[in-house]
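Atoms within a ligand are numbered from 1 in the order they appear, just like the ligands themselves. Below, all heavy atoms of this structure are taken into account, side chains as well, without hydrogens, waters or symmetry copies.
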Amino acid sequence: MPSCAAVVLAAGAGTRMRSALPKVLHPLAGRPMLEYPLAALKKAGASRLVAVVGHGAEAVKRALPAGVDWAPQEKPRGTGHALACARAALGSFRGTLLVAGGDGPLLRAATLKALLRAHRARRHAATVLAAVPDDPSGYGRVLRDPRGGLAAIVEEREASPAQRALREVNAGVYCFESPLIWKALSALKPDNSKGEYYLTDVLAWLKAQGHSCGVQACPDPQEALGVNNRVELARAEAILRGRVNRRWMEAGVTLVDPSSTYIDDTVFIGADTVVRPFTFLEGNTRVGPRCQIGPFTEVRDSVVGPECRVLRSVVEGSRLAAGARVGPWSRLRPGTVVGRDAHLGNFCEFKNARLGPGVKANHLSYLGDATVGGGSNIGAGTITANYDGKAKHPTRLGRSSFTGSGTVLVAPVNMGNRARTGAGAVVLAGRDLPDGSLAVGVPARILKKRS
Ligand code: UD1
Ligand code: CA
């Protein structure tokens, strides 16, 4: 394969979004919008990737994946000017240049490959990707010459009524040849209603100079969707979610109701897991095989082992070992690590809690900054009072320990292996309970040293 580089135009103001966040950073299925075109271009074979940045440049640069270079566009003077700004970053690159907008998240790598193949096979100086959407409004229209070849692209605001009636639109994705494209760009003039340098004008210029230009049809018009406002953002989100859901169903995951299942593009799910309605799997999350997740569940940045059940709960920044059960109605906050076959919930909250294998905390508890040894039973309504108004303190329970209903453990405090508390006990800070002891009352006193 001859060399191929790619430029993503991502410097525009995104005015129509009416947002403080740069348009290309709006998240779609858990990733910033511009990650999608960058990934597609890379997959299509681009060995170098350059993003043109301007509006919100610092934030956009921070969001660029490793290996993507950037080029500054000081002022948004149009798509043609934006591409010209990438010239220095590409140095002496010779070969085919793929160009796409940072606001086109639905573009597929296979479509780019087909575009590249057609461009090279016909030895064109430029090839533009075109689509025929149901509603062409807002896009540039493709004008054909009498022989069916490309004549020019006219922006909607410059188009005559007859041209506006055309339904074939410019998807904003192109192949050019470097260095010829730089010469074409330097000939652009901002003589249009916006006073901008339109990239689309290079096609007519190249043709006038005797170079051949082509059109490549994009079979799925959805791929041409450019996100310019929040309505299009929601449309792109729905389409991307649909693609992600289909991918997991094809990989052996049951989605009981795909239309109410929200899986980020960043998530992994094992086979034969069942995801019930109104469930959100977000961020850096891995769900193992044969799990049951949902309904009404949110799992974010967490690892869920095989054969777990999470029901009507919120799990964030946590790890669940195989066979763990959570919920209904529980909340696992960051730093929670759940051992094999542990049962947590109903109505329990955990924060930075390490729970050993087989731990049961079945009803109405709060365990924060706590370590609980394997096989322990946390009685209904047991609370770790981990905050004294100034600082957080740890609580440790040994293996096979047992707390009576309504126990309050005032941290810092330790309970030994097989230590127990009676119902309503309040164990004061520093009053550690030895292995096998039983403590009761308020404040708790040791009734039995060993049992
Ligand atoms: C552009 C095309 C239009 C096409 C449509 C497809 C032009 C003149 N028009 O219109 O024919 O149908 O895309 O979606 O190219 N950008 C910069 N710097 C600028 C201006 C824009 O980097 O000075 C970036 C934007 O951030 C965006 C992309 O270029 O990611 C496209 O710009 P946008 O203003 O959205 O162009 P459209 O009006 O959608
Ligand atoms: Ca656009």
Return the name of the atom in D103, of element N, O or S, nearest to the Ca ion (ligand 2).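 The atom in question is OD2.
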Distance only, no hydrogens: is a donor on one side chain within 3.5 Å (strictly under) of an acceptor on the other, for D201 and Y197?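 Result is no, nothing qualifies.
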What do we get for A224 next to ligand 1 when only non-hydrogen atoms under 4.0 Å count, side chain, backbone, both or neither?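 It is neither; nothing of A224 touches ligand 1.
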Closest approach of V244 to D264 (non-hydrogen atoms, all atoms of both residues):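 The pair with the smallest heavy-atom distance is CG1-O, 4.1 Å.
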So, N284 versus D301: side-chain donor-acceptor pair below 3.5 Å or not?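 Short answer, no.
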Less than 4.0 Å is my threshold; does some heavy atom of K23 fall inside it relative to ligand 1?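 Yes; K23 lies near enough to ligand 1 that a heavy-atom distance drops under 4.0 Å.
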For the residue pair T96 and E177, confirm or rule out a side-chain donor-acceptor distance under 3.5 Å.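 Yes, a side-chain donor-acceptor pair sits under 3.5 Å.
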Output the list of atoms in ligand 1 that are nearer than 4.0 Å to some heavy atom of A171, sorted by atom number.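 Listed by number with element: 6 (C).
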Which of the numbered atoms in ligand 1 are below 4.0 angstrom from a heavy atom of G102?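 Contacts of ligand 1 toward G102, numbered from 1: 30 (O).
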Indicate whether atom 3 (C) of ligand 1 is within a distance of less than 4.0 angstrom of some protein heavy atom.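 Given the 4.0 Å cut-off, atom 3 (C) of ligand 1 counts as touching protein heavy atoms.
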Ligand 1 versus V169: contacting region, heavy-atom distance under 4.0 Å: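 No part of V169 is near ligand 1 at this cut-off.
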Could you work out, for atom 29 (O) of ligand 1, the closest of L9, L199, V8 by heavy-atom distance?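 Going through L9, L199, V8 one by one, L9 has the nearest heavy atom to atom 29 (O) of ligand 1.
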Under a 3.5 Å threshold, yes or no: a donor from one side chain and an acceptor from the other, between H119 and Q216?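 No, Q216 and H119 have no side-chain donor paired with an acceptor closer than 3.5 Å.
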T285 side chain to S302 main-chain N or O, any donor-acceptor pair under 3.5 Å?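 The answer is yes, because a donor-acceptor pair under 3.5 Å joins these two groups.
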With a 4.0 Å cut-off on N to O distance, would you call D103 and K23 a salt bridge?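 Salt bridge present between D103 and K23.
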Checking contacts here: is it the side chain or the backbone of H55 that comes within 4.0 Å of ligand 1, counting heavy atoms only? Could be both or neither.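 The answer is neither; H55 stays 4.0 Å or more away.
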Quick one: does NZ or CZ of R286 land under 6.0 Å from the six-membered ring centre of F268, within 45 degrees of the ring axis?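 Relative to the ring axis of F268, which defines the angle, R286 lies inside both limits.
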Within 4.0 Å of atom 16 (N) of ligand 1 (strictly less), any protein heavy atom?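 Yes, at least one protein heavy atom sits under 4.0 Å from atom 16 (N) of ligand 1.
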Where is the nearest protein heavy atom to atom 23 (O) of ligand 1: which residue, which atom, and how far?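 Nearest protein contact, heavy atoms only, for atom 23 (O) of ligand 1 is G78 N, 2.8 Å.
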For A10, atoms of ligand 1 separated by under 4.0 Å from a heavy atom: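 Answer for ligand 1: 22 (O), 26 (O).
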At what distance is the nearest protein heavy atom to atom 22 (O) of ligand 1, and which residue and atom is it?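 Atom 22 (O) of ligand 1 sits closest to the protein heavy atom A11 N, 2.8 Å.
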Relative to ligand 1, is V52 under 4.0 angstrom through side chain, backbone, both or neither, heavy atoms considered?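 No part of V52 comes within reach of ligand 1.
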Full working for salt bridge (charged side-chain N to carboxylate O under 4.0 Å, His left out) between R141 and E156: CA-CA 7 Å; R141 304 296 200 280; E156 184 169 88; 3.0 Å; yes
Closest protein heavy atom (residue, atom, distance) for atom 6 (C) of ligand 1: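 Residue, atom and distance for the closest contact: N170 O, 3.5 Å.
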About how many Å separate CG of L180 and CD of Q209, when rounded to the nearest 0.5 Å?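 Output value for this atom pair is 9.0 Å.
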Shortest non-hydrogen contact from V202 toward F176: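 Nearest pair, atom of V202 first, then F176: CG2-CE2, 3.7 Å.
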N/O separation below 3.5 Å, N228 to ligand 1: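 There is such a contact, yes.
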Protein contact to atom 31 (C) of ligand 1 [nearest heavy atom, distance to 0.1 Å]: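 Residue, atom and distance for the closest contact: T79 CG2, 3.9 Å.
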E168 with R144: basic N within carboxylate O range, under 4.0 Å: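 Yes, this pair counts.
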Answer yes or no: are there more than 12 heavy-atom neighbours, outside R246 itself, under 6.0 Å from its atom CZ?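 No, because the 6.0 Å sphere around CZ of R246 holds 12 heavy atoms or fewer from other groups.
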Identify, by atom number and element, the atoms of ligand 1 in contact range of A82, meaning under 4.0 Å from any of its heavy atoms.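 Those of ligand 1 that fall under 4.0 Å from A82 are 17 (C), 18 (N), 22 (O).
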If you measure every N/O of Y198 against every N/O of ligand 1, is any gap under 3.5 Å?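 In this structure, Y198 places no N or O atom under 3.5 Å from an N or O of ligand 1.
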Counting only nitrogen or oxygen atoms and a 3.5 angstrom limit, does G101 reach ligand 1?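 Looking only at distances, the answer is no, because the N/O contact criterion of under 3.5 Å is not met.
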Would you mind checking which non-hydrogen protein atom is closest to atom 13 (O) of ligand 1, with the distance to 0.1 Å?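 I find the closest protein heavy atom is G172 CA, 4.5 Å.
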I need the contact type for E196 against ligand 1. Using non-hydrogen atoms and a strict under-4.0 Å cut-off, is it side chain, backbone, both or neither?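 The answer is neither.
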Mark up the atoms of ligand 1 that fall under 4.0 Å of a heavy atom belonging to R77, in ascending order.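 This gives 23 (O) as the contact atoms.
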Under 3.5 Å: N/O of G12 near N/O of ligand 1: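 It does: an N or O of G12 is found under 3.5 Å from an N or O of ligand 1.
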Which protein heavy atom lies closest to atom 10 (O) of ligand 1, and at what distance to 0.1 Å?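 Closest protein heavy atom to atom 10 (O) of ligand 1: E155 OE1, 4.0 Å.
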Lys/Arg N to Asp/Glu carboxylate O, R62 vs E58, below 4.0 Å: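 Looking at E58 together with R62, the answer is no, because their closest N to O distance does not fall below 4.0 Å.
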Atom 14 (O) of ligand 1 [closest protein heavy-atom partner, distance rounded to 0.1 Å]: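 Looking at atom 14 (O) of ligand 1, the protein heavy atom closest to it is Y139 CE2, 3.9 Å.
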Considering only the protein, which heavy-atom contact is closest to atom 38 (O) of ligand 1, and what is its distance?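 Nearest neighbour among protein heavy atoms for atom 38 (O) of ligand 1, to 0.1 Å: R16 NH2, 3.5 Å.
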More than 12 foreign heavy atoms under 6.0 Å from NZ of K61: is that the case here?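 Counting other residues, nucleotides and ligands, NZ of K61 exceeds 12 neighbours.
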Relative to the heavy atoms of Q73, which atoms of ligand 1 are at a distance of less than 4.0 Å?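 Contacts of ligand 1 toward Q73, numbered from 1: 17 (C), 18 (N), 19 (C), 22 (O), 23 (O).
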Atoms in ligand 1 with a heavy atom of G140 nearer than 4.0 Å: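 Selected atoms, number and element: 3 (C), 4 (C), 11 (O), 12 (O).
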Should the heavy atoms of other residues, nucleotides or ligands under 6.0 Å from CZ of R230 be counted, would the total exceed 12?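 Yes.
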Which of the atoms in ligand 1, numbered in the order shown and given with their element, are less than 4.0 Å from a heavy-atom of P76?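 Ligand 1 atoms under the 4.0 Å threshold to P76: 23 (O).
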Short side-chain donor-acceptor distance under 3.5 Å, S137 and D135: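 There is such a pair (donor and acceptor under 3.5 Å, judged by atom type) between the side chains of D135 and S137.
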